[in-house]
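Below, each value reflects all heavy atoms present in this structure, side chains not excepted, and no hydrogens, waters or symmetry copies. Count residues from 1 along the sequence.
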Amino acid sequence: LTFKKWGNGKPQPLKQLRINKNKIYFVRSIENDKEKKEFNSSRFFKQEFYGTFNKDKSIIRGRCKIIGDWTNWQAVSIKK
């Protein structure tokens with residue numbers, strides 16, 4: 001998964017990935033010095049993402065927990 005403004009635009013692994021029908025859950029985190037360097041992070045963190053796929057699975061909309069606060073998020077499939 002690529003986060004446009006994070007991690008140098010480099011695809012990041014989805015940790016604790018769970019998909020059940022049209023629901024998805026995953027964690028985005030930096031947990032060690034190797035990951036900090038690879039993704040150019042200034043700190044360690046953990047972010048939880050929950051979402052629902054649309055009918056054709058091209059968009060996911062959901063909520064994410066960042067620094068203790070919940071916010072909305074959306075992911076769009078980019079065809080190459």
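- Of the inter-residue distances, the one linking C64 atom SG with Q74 atom CD reads 12.0 Å to the nearest 0.5 angstrom.
- The distance from the OH atom of Y25 to the NZ atom of K15 is 11.5 Å, given to the nearest 0.5 Å.
- Counting heavy atoms from C-beta outward, N22 and N54 have side chains that stay 4.5 Å or more apart.
- The two residues R28 and F49 have their closest heavy-atom pair at CB-CE1, 3.8 Å.
- By the rule that hydrophobic residues join a cluster once side-chain heavy atoms approach within less than 4.5 Å of another member, L14 and F53 end up as members of one cluster.
- When the side chains of ILVMFWY residues are joined at heavy-atom separations under 4.5 Å, either directly or via intervening members, W70 and I66 end up in two distinct hydrophobic clusters.
- At least one donor-acceptor pair under 3.5 Å links the side chain of W73 to the backbone N or O of R63.
- Both tests pass for K36 against the ring of F44: distance under 6.0 Å to the centre and angle within 45° of the axis.
- Between F45 atom CZ and I30 atom CD1 the span is 4.5 Å, to the nearest 0.5 Å.
- At distances below 3.5 Å, at least one donor-acceptor pair connects side-chain atoms of E35 with backbone N or O atoms of E31.
- One finds the NZ atom of K57 at 10.0 Å from the OG1 atom of T52 (value rounded to the nearest 0.5 Å).
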